[in-house]
Structure formats: C-alpha cells, structure tokens
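One structure below.
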Protein chains: 2
Amino acid sequence: MLERMPPDFRAMLRGASLRVTGPRLAVLDAVHEHAHADTDTVIQRVRADLPTVSHQAVYDVLRALTVAGLVRRIQPAGSVARYEARVGDNHHHVVCRDCGRIDDVDCAVGQPPCLTASDDHGFTVEEAEVIYWGRCPDCASPSRVSTDQP
Amino acid sequence: MLERMPPDFRAMLRGASLRVTGPRLAVLDAVHEHAHADTDTVIQRVRADLPTVSHQAVYDVLRALTVAGLVRRIQPAGSVARYEARVGDNHHHVVCRDCGRIDDVDCAVGQPPCLTASDDHGFTVEEAEVIYWGRCPDCASPSRVSTDQP
DNA sequence: CCGTTTTCCTGAACGAGTCAAGACAATGGC
DNA sequence: GCCATTGTCTTGACTCGTTCAGGAAAACGG
C-alpha cells in the first residue's frame with residue numbers, strides 16, 4: 001500500500017524538512033484525493049490505510065503540513081477546519097450556505113495579491129482571502145426543498 | 001440608564017419586529033460602541049449596565065440581531081465570532097495575523113456585489129466576503145518584538 | 001547500527017457555542 | 001390599566017472540535 005504511494009509525497013516532505021512517516025504520507029494522500037475535507041474525514045481516510053493512527057497524530061500532521069505550506073487550511077465562518085492541496089495559486093472559494101459545499105474559484109483578477117485594500121490602515125497586507133457565499137445548484141433548485149438549512 | 005438610551009435602538013428593534021428588551025438594547029449599544037467585539041466582550045459590556053444578564057441571553061440576542069440584519073457577524077479563520085454594527089454597506093476587513101486586530105476596509109471596487117467569481121460552478125452567489133490578512137502597524141514594526149504570536 | 005531528535009499514542013482537558021425546560025416579561029386587545 | 005398570549009431570559013447541563021501533556025516509538029545522520 002504505502003510502497004505504491006506516489007513518490008511525490010516523500011519528496012514534498014523532504015523538501016519541507018519534514019520526516020517521512022506513514023501518517024504524513026496518508027494525510028497528504030487523503031487531502032490530495034478529497035479537496036476541502038474536514039479533519040474527521042481526513043482521519044477516516046487515513047485509517048483506511050493505517051487503522052491505528054490516532055486523531056491527535058492527524059491534527060499534528062495537518063498543522064505541520066499547513067505550516068510547511070504543503071496543504072492549505074480554510075475555515076469559512078461557522079465551519080470546522082478544512083484542508084486542500086492546492087497551494088500557492090491564490091484561488092478562492094464559493095461556499096453554499098445550506099449544505100456547506102465548497103468549490104474552488106480562480107482569482108477574480110489574476111495576479112496575487114489579486115486585490116488591494118482601498119485603505120489598509122497601515123497594515124502590511126500579505127494575502128486577500130475571498131469567500132463567495134451563496135447556494136449551490138442543488139440547494140438553489142426550486143424543485144427541491146432543502147432539509148439541511150437551520 | 002436605559003431611560004437615557006438613544007431611541008434609535010428601540011426603533012431599530014421595532015422595525016425588525018423584535019420586542020424591545022433591556023438585554024437587546026444593551027447588546028445593540030455594546031456592538032455600536034465597540035466594533036468587532038467578540039461575544040465575551042459584549043457580555044462584559046452588557047453587564048456593566050445590566051449585571052444579571054446571562055451569557056445565554058447574549059448569545060440569543062446576538063443571533064436574533066444578526067438574523068434581523070441589525071448587526072453583522074464576522075469570524076475570521078481561527079477566531080471566535082465577532083460582531084459589528086456597520087451593516088448593508090458591503091465593507092470588508094483587514095486582520096492582523098499576530099494580535100488579531102481587525103479594521104474596516106471599504107469595498108475594493110465599490111458596487112455590491114463588489115466581486116464576481118470567474119467561474120461560480122452554478123452557485124447562486126449572494127455576497128463576496130473579503131479578508132485581507134497581514135500585520136497591523138504595531139506588530140509589523142521592526143522595533144518591536146511581538147509577544148502575541150503563537 | 002546507535003544516539004539524537006522528532007513524531008506518535010494515550011488520555012485528559014479546554015472553551016466557544018448549543019440544548020432544554022421552566023420562570024419571567026413585553027406586547028396588543030379588552 | 002389589566003390579562004392573556006407569545007416571545008424572551010435564566011439556569012444548568014452538555015456537545016464537540018481542538019489542544020495540552022507526558023511518555024513510547026520511530027526516523028534520520030553519522
């Protein structure tokens with residue numbers, strides 16, 4: 001299983017000065033396979049390969065990978081933390097208010113930083129995060145009565 | 001105390017079909033006086049006027065006011081919920097990664113919705129929320145060693 | 001292969017926010 | 001003004017995502 005793991009993950013970890021371990025390879029794989037997965041989903045997917053990995057290990061690994069820039073943590077208001085493998089490309093997200101579905105959206109302008117604050121109050125701005133709030137096609141459909149909204 | 005409360009709040013509550021109560025007036029006052037206050041800060045300020053108000057009441061009131069559109073709830077990733085009185089003007093926020101300070105920023109483009117997703121994946125987008133991440137002047141100052149960062 | 005350093009496991013704890021049920025108070029008609 | 005109705009507040013327990021702590025285990029460089 002782990003032997004057939006694409007070697008990229010090993011190289012990515014080494015490139016970030018992180019030790020190559022089973023839990024880390026499994027978490028990287030989980031995040032690459034399932035974009036916007038929350039921590040619990042990552043734990044499930046990791047345990048499909050390595051049943052004994054503790055939830056704490058997954059939390060630790062996700063943090064290490066986030067700090068290293070190998071994964072990106074996103075957390076729309078009212079949601080638990082979610083993780084994705086697309087990093088460094090300055091993309092944004094559409095979030096469904098009903099079901100919580102998240103999709104990627106390319107940068108509205110194109111060049112990072114894609115937006116400049118009209119008055120930054122003296123802040124040193126590093127990043128502009130954009131979240132588009134709305135309804136996904138399924139939840140917006142009038143033929144469907146949503147059962148997920150509060 | 002409550003008798004000298006500006007009448008606006010009463011009118012605002014009535015206009016939103018909400019009953020006028022002490023806790024609600026106090027919460028409205030707290031949010032208007034202290035922009036971007038978190039729930040705990042609101043509780044403190046409310047209890048300065050009405051010492052017996054329960055934390056649950058403040059949670060309930062903040063939710064009712066948010067649903068009614070009288071206050072706006074914001075929650076940058078990794079932060080607790082915060083509330084502000086500026087509503088309906090499509091403004092955004094700069095957030096300091098070190099100390100958590102939040103300042104208002106006017107819409108980068110000007111017209112709500114101020115941004116249009118390049119590809120909305122069929123979503124019905126209602127609102128574009130922008131958060132500028134960076135450092136506030138105090139935390140960015142090289143003459144100061146930050147003590148607040150993790 | 002060994003020692004050092006990092007990572008992982010076990011288990012407990014934290015804290016923002018929520019749930020539930022009953023007491024209480026604001027509103028509108030009398 | 002007073003009462004009934006309806007919505008709000010109090011009390012207290014609880015949920016759950018996440019973090020803390022300490023020791024066991026594993027990865028890496030030499």
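No experiment lies behind these values; they were computed from the predicted model shown. Throughout, a chain's letter reflects where its sequence line sits, starting with A, and its residues are numbered from 1.
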Between A:H93 and A:H91, is the ring centroid distance below 6.0 Å? yes

What residues 51-65 of chain B contributes to the DNA chain D interface at heavy-atom separation below 4.0 Å is B:T52, B:V53, B:S54, B:Q56, B:A57, B:V61

Hey, any chance A:W133 and A:I74 share a hydrophobic cluster, counting ILVMFWY side chains that come within less than 4.5 Å of each other, even indirectly? yes

For atom CG of B:L18 and atom P of D:dT8, their distance in whole Å: 7 Å

Using whole Å, what does the distance between atom C1' of nucleotide D:dA25 and atom CZ of A:R19 come to? 11 Å

Answer yes if B:V95 and B:V130 sit in the same cluster of Ile, Leu, Val, Met, Phe, Trp and Tyr residues linked by side chain heavy atoms under 4.5 Å apart, and no otherwise. no

Shoot me the first and last contacting nucleotide of DNA chain C against chain B, ordered 5' to 3', at under 4.0 angstrom to non-hydrogen atoms. C:dA16 to C:dT27

Nearest non-hydrogen partners of B:I131 and B:P76, listed with the distance: CD1-CA, 4.0 Å

For A:D104 and A:H36, which I'm curious about, is there any donor-acceptor pair between the side chains at under 3.5 Å? yes

Atom-to-atom span, CG of B:L13 to P of D:dC9 - whole angstrom: 10 Å

Heavy-atom pair of closest approach, residues A:R24 and A:A64: NH2-CB, 4.3 Å

note: B:I43, atom CD1; D:dT11, atom C1'; distance rounded to Å ~ 14 Å

Side chain to side chain contact (heavy atoms under 4.5 Å, CB included) with A:F9: which of A:V20, A:V27, A:D29? A:D29

Search all heavy atoms of A:C136 against all heavy atoms of B:F123 and return the closest pair with its distance. CB-CZ, 3.6 Å

Can you identify which nucleotide, out of D:dT8, D:dC28, D:dG17, has its nearest atom closest to the A:V80 side chain? D:dG17

Please tell me which of B:V20 and B:D40 maps to the more 5' nucleotide of DNA chain C, matching each residue to the nucleotide holding its nearest heavy atom. B:D40

